[in-house]
Amino acid sequence: MLAVEEARNRVLEAIRPVDEVEVVPTAEAAGRYLAESPRARVGSPAFDNSAMDGYALRAADLGEAGGELPVAFTVAAGDDPRALPEGTCARIMTGAALPAGADAVVMQEKVEADEGRARFAEGPSPGANIRLAGEDIAPGAGLAGPGERVSPALISALATAGIGAVRVARRPRVLVLSTGSELRDPGEPVGPGEIYDSNRFALLAMLRQLGVEAVDGGRVPDQMEALRGALEQAAEHDMVLTSGGVSVGEFDHVKAVLGEKGEIGFWKVAIKPGKPFAFGRLGRAYFFGMPGNPVSALITYQQFVRPALIHWMGGRPAPVRINAVAGAGYQREKAGRTEFLRARLEWSGGQLAAIPLSRQGSGMIWGMSRAHAYIVVDAGSHGFRTGEAVVVEPGSEWCSFGEPQSRGEE
Ligand code: AMP
Ligand code: MG
């Protein structure tokens with residue numbers, strides 16, 4: 001069996017990042033992966049300006065004890081002010097350009113003003129309340145690099161620097177298929193022995209959140225011919241994701257059909273839940289065969305497919321892990337697999353507590369929907385006791401991390 005990191009590395013090594021780029025408006029670039037280092041067209045601030053509503057002056061015109069100055073003019077945001085005559089001050093608003101000659105701003109709350117004169121109780125030091133040109137972004141500065149995911153904060157920085165469009169990697173087209181003769185869609189009647197498909201919808205939702213082009217390929221019954229037909233569509237996609245049919249059951253045909261039509265790497269990964277996992281090529285598409293159990297499908301997506309997609313788009317996937325204290329203990333008899341225990345996170349007594357949920361079965365998807373994170377139990381570990389330090393991987397796409405939800409369990 002392959003260790004989780006080993007399996008992930010094999011996937012990443014096998015995938016060649018896309019070299020096709022697109023130019024998209026900055027306003028629409030959220031979630032895209034940069035294929036360039038955008039450079040600032042203008043600095044930020046673009047000019048020296050006031051950080052406060054107040055009065056601009058020369059610090060040298062007032063002693064430490066303050067004094068009184070005539071108000072020469074008013075500068076609003078957007079004005080292009082003339083130079084400040086010596087021995088005067090100017091009324092100035094937040095964000096307005098500092099008049100030449102001025103070197104400090106006094107906030108209006110500290111000034112008494114009437115009939116064109118302003119009285120200052122104390123003199124400011126030079127530079128007070130002034131935002132200097134380029135102190136955040138120097139003109140021409142590289143703001144981010146290739147392989148970075150464009151965040152809303154970066155969109156704001158790019159816009160600030162006058163960058164209207166960026167070069168990004170093309171988004172992959174990803175086909176999602178569910179396999180299983182027992183599956184029906186919600187809304188349809190189910191007969192004896194049949195169940196509702198759920199994996200397809202969770203996978204499509206996670207793909208859309210990541211910002212890739214997700215294509216619903218529907219359901220395929222456990223028949224070789226049906227599977228062959230469904231996989232014909234793979235040619236028009238960059239990646240194909242299936243769930244179900246990859247273990248050793250009599251009707252688990254994914255491996256066989258993939259063997260006929262493409263190249264298959266079928267692995268048992270030392271992961272719990274989610275042991276059987278197929279990875280390969282189907283024409284030009286990369287193929288991921290995930291297990292059918294809903295929790296296993298989501299976890300293998302998170303551990304292998306998501307990093308693969310990010311890598312394909314030129315990004316550098318890195319799992320986020322944080323330390324927490326176990327809010328309840330967990331023991332297992334058999335070590336050997338890295339286990340991803342679904343847990344709730346709670347901030348209590350100045351500590352982050354991770355509480356493993358009681359519904360840990362690989363089919364218990366509702367239990368997973370009440371969780372915020374995985375507690376990562378190392379392959380060699382037999383578990384942990386209440387109060388022990390644990391390593392936690394907060395959920396990103398599969399849960400609503402940080403949103404209150406009913407506990408459900410109690
Ligand atoms: P399999 O990997 O095909 O052996 O499926 C393992 C378990 O997951 C079985 O109980 C299946 O019925 C169930 N399962 C497979 N595919 C899905 C799906 N798309 N949605 C919900 N459950 C599924
Ligand atoms: Mg099946």
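Numbering of ligands and ligand atoms starts at 1, following listing order. Computed from a predicted structure; not experimentally measured.
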Item to complete: Using modelled atom types only, decide if a donor and an acceptor are shared between the side chain of D222 and the backbone of S181 within a distance under 3.5 Å.
Response: yes
Worksheet item: What do you reckon, does G249 put a non-hydrogen atom under 4.0 Å from ligand 1?
Response: no
Fill in: Name of the residue among L62, V71, D61, V105 meeting side-chain contact (heavy atoms from CB on, under 4.5 Å) with C89
V71
Worksheet entry | side-chain contact (heavy atoms from CB on, under 4.5 Å), paired with N323, selected from L352, V391, V390 | V391
Item to complete: Quick one: look up the protein heavy atom nearest atom 18 (C) of ligand 1 and list residue, atom name and how far away it is.
Response: N199 ND2, 3.2 Å
Worksheet item: Taking only heavy atoms of N293, which atoms of ligand 1 are found under 4.0 Å from at least one of them?
Response: 6 (C), 7 (C), 8 (O)
Worksheet item: So which heavy atom in the protein is nearest atom 22 (N) of ligand 1, and how far is it from that ligand atom?
Response: I195 CD1, 3.5 Å
Item to complete: Quick one: look at E182 and ligand 1, take heavy-atom pairs under 4.0 Å, and tell me if it's side chain, backbone, both or neither.
Response: side chain
Worksheet item: Against heavy atoms of G245, which atoms of ligand 1 measure under 4.0 Å?
Response: 1 (P), 2 (O), 3 (O)
Worksheet item: Does the side chain of Y301 come under 3.5 Å of the side chain of E397 through a donor N or O and an acceptor N or O?
Response: no
Item to complete: Compare S362, G363, G292, S181 and give the one whose heavy atom is closest to atom 16 (N) of ligand 1.
Response: G292
Worksheet item: With distance as the sole criterion, is a donor-acceptor pair present between the side chains of R228 and Q223 under 3.5 Å?
Response: no
Response to the item:
Any heavy atom of S243 under 4.0 Å from ligand 1? The part involved is side chain
Practice prompt. Please state whether the rings of F288 and F279 are parallel, tilted or perpendicular, taking 30° and 60° as the class boundaries.
Written response: tilted
Practice prompt. Determine, using ring centers only, whether W267 and F304 are less than 6.0 Å apart.
Written response: no
Worksheet entry | Per-atom contacts, ligand 1 versus S178 - under 4.0 Å to a heavy atom | 19 (N)
Discussion item. Heavy-atom pairs closer than 4.0 Å: do any link ligand 1 to the side chain of S198, the backbone, both, or neither?
Written reply: both
Item to complete: Assess the side chains of S44 and D136: does a donor N or O sit below 3.5 Å from an acceptor N or O?
Response: no
Worksheet item: Taking only heavy atoms of D197, which atoms of ligand 1 are found under 4.0 Å from at least one of them?
Response: 18 (C), 19 (N), 20 (N)
Fill in: Donor on one side chain, acceptor on other, D197 and S178, under 3.5 Å
yes
Item to complete: Can you sort out which atoms of ligand 1 are near S247, meaning under 4.0 Å from one of its heavy atoms?
Response: 4 (O)
Discussion item. Counting only heavy atoms closer than 4.0 Å, does ligand 1 sit against the backbone of V246, its side chain, both, or neither?
Written reply: neither
